[in-house]
Amino acid sequence: MSSSYGRYHSQSQSYAPSAPEQPPYSNYHHTSASNASSNYHYGNVSSSSFPPGTPQDVIRSFQMVDRDGSGFIDERELQQALSSGFHHFNLRTIRLLMFLFKNPHQPLTIGPKEFAALWSCLGHWRGIFERYDKDKSGKIDPLELRDALYGIGYAVPGSVLQLLLSKYGDGSGRRVELGFDSFVECGMIIKGLTDKFKEKDTRYTGSATLSYDAFMTMVLPFLVPYD
């Protein structure tokens with residue numbers, strides 16, 4: 001199977017630069033490393049289980065939803081933690097985030113390290129959301145989404161963007177506008193699938209030959225977790 005994506009920067013025969021693992025942000029405040037280093041306990045989870053320098057508010061967010069003190073949280077607990085810290089997250093987006101950040105040894109849960117990485121990543125995406133929400137409506141419209149994706153290195157064709165946005169419509173024909181959770185979901189899908197495609201396109205030509213199995217294995221994980 002041969003496929004191509006996007007368009008190239010004219011000055012280079014390579015992909016547009018990949019969005020960073022943790023995109024630039026503006027409005028996510030870290031507490032100081034000294035404040036985050038105190039080794040306290042809530043339930044059975046110690047702050048030492050988190051990466052060094054993890055802000056205390058992030059640790060507390062995890063500990064407060066880890067009701068059984070197991071050191072791992074499920075999708076409902078993750079939804080509660082993120083919805084109180086950022087924005088109400090729908091379960092569909094939560095399931096995609098679980099897939100992308102899940103603990104490899106606990107496939108249906110998120111541990112302290114994964115939670116800290118996810119929280120930080122969402123903070124960066126929040127900065128992008130605020131930067132491209134030009135009218136400060138709290139929503140991202142199709143043009144703002146296009147500009148946001150282009151700004152972090154993804155020149156997504158209009159036809160692909162329309163297809164992606166169609167899943168968020170209510171059937172009324174009105175212009176689709178994305179809340180923060182849906183914006184994150186779109187960004188994660190585009191970034192994740194592009195990165196997977198680049199693994200196959202080792203010469204950065206914009207096309208790749210894939211077997212049917214490889215294609216299905218690449219795409220389905222981004223669809224199945226939040227069906």
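Not measured: the values here are computed from a predicted model.
Pairs of residues two or more places apart, or lying in two chains, never qualify as salt bridge (Lys or Arg N to Asp or Glu O under 4.0 Å) while including a residue from residues 102-119.
Residues that satisfy the side-chain hydrogen bond (donor to acceptor under 3.5 Å, both in side chains) test with S159, not counting sequence neighbours, are absent from this structure. Partners of R67 according to the side-chain hydrogen bond (donor to acceptor under 3.5 Å, both in side chains) rule, which considers only residues two or more places apart in sequence or in another chain, are Q80.
In this structure, OG on S49 lies 10.0 Å from CG on D66, to the nearest 0.5 angstrom. Considering CZ of F183 and CD1 of I140, their distance stands at 5.5 Å, rounded to 0.5 Å. From L193, atom CG reaches atom OH of Y154 across 10.5 Å, with rounding to the nearest 0.5 Å. Taking CG of L118 as the start and CG of L97 as the end, the distance is 5.5 Å to the nearest 0.5 Å. A distance of 10.0 Å separates CD1 of I94 from CD of E185, quoted to the nearest 0.5 Å. Once rounded to the nearest 0.5 Å, the distance linking CG of D133 with CD1 of I128 reads 13.5 Å.
Considering all non-hydrogen atoms of both residues, E144 and D135 come closest at OE2-OD1, 3.6 Å. Taking each heavy atom of F72 and G111 in turn, the nearest pair found is CD2-CA, 3.7 Å. Closest heavy-atom contact between L161 and V156: N-CG1, 4.0 Å. Here the shortest heavy-atom pairing between G71 and F62 reads O-CZ, 3.4 Å. Heavy atoms only, all atoms of each residue included: G138 and F129 are closest at O-CZ, 3.4 Å. G206 and D201 make their closest contact through N-OD2, 2.7 Å (heavy atoms, listed as atom of the first residue, atom of the second, distance).
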Task: Criterion side-chain contact (heavy atoms from CB on, under 4.5 Å) on L78 and F89, from CA distance to verdict - done: CA-CA 9 Å; L78 179 62; F89 275 75; over 6 Å; no
Task: Residue pair I59, W119: steps toward the side-chain contact (heavy atoms from CB on, under 4.5 Å) verdict - done: CA-CA 10 Å; I59 297 172; W119 191 283; over 6 Å; no
TODO: For R92 and L96, run side-chain contact (heavy atoms from CB on, under 4.5 Å): C-alpha distance rounded to whole Å, both residues' side-chain angles, the deciding distance at 0.1 Å, then the answer.
DONE: CA-CA 7 Å; R92 182 185 61 204; L96 177 61; over 6 Å; no
Task: Stepwise side-chain contact (heavy atoms from CB on, under 4.5 Å) test for L178 and K139 - done: CA-CA 5 Å; L178 305 178; K139 300 284 187 179; over 6 Å; no
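Salt-bridge check for E177 with R175: passed, with a basic side-chain N closer than 4.0 Å to an acidic carboxylate O. The pair E75-R95 meets the salt-bridge criterion, since a charged nitrogen lies less than 4.0 angstrom from a carboxylate oxygen.
At least one test fails for R126 against the ring of F86: distance under 6.0 Å to the centre or angle within 45° of the axis.
Checked by atom type and distance alone, the side chain of T217 never pairs as donor or acceptor with a backbone atom of A214 at under 3.5 Å. A side-chain donor-acceptor contact under 3.5 Å links T54 to the backbone of P51. For the pair K136 (side chain) and E130 (backbone), a donor-acceptor distance under 3.5 Å is present.
A 4.5 Å side-chain heavy-atom check between M188 and F101 finds at least one atom pair inside the cut-off. Contact of the E199 side chain with the D195 side chain is not registered, since no non-hydrogen atoms from C-beta on lie closer than 4.5 Å. Contact of the Y150 side chain with the R146 side chain is not registered, since no non-hydrogen atoms from C-beta on lie closer than 4.5 Å.
Hydrophobic clustering, with ILVMFWY side chains joined whenever heavy atoms are under 4.5 angstrom apart, groups F222 together with L220. Under a hydrophobic clustering in which Ile, Leu, Val, Met, Phe, Trp and Tyr are joined whenever their side-chain heavy atoms come within less than 4.5 Å, directly or via other members, L143 and Y168 fall into different clusters. Tracing side-chain contacts under 4.5 Å through hydrophobic residues (I, L, V, M, F, W, Y), one reaches Y212 starting from L210; they form part of the same cluster. L108 and I73 fall into different hydrophobic clusters, where Ile, Leu, Val, Met, Phe, Trp and Tyr side chains are chained together by heavy-atom contacts under 4.5 Å.
Between the side chains of D68 and S70, at least one donor N or O sits under 3.5 Å from an acceptor N or O.
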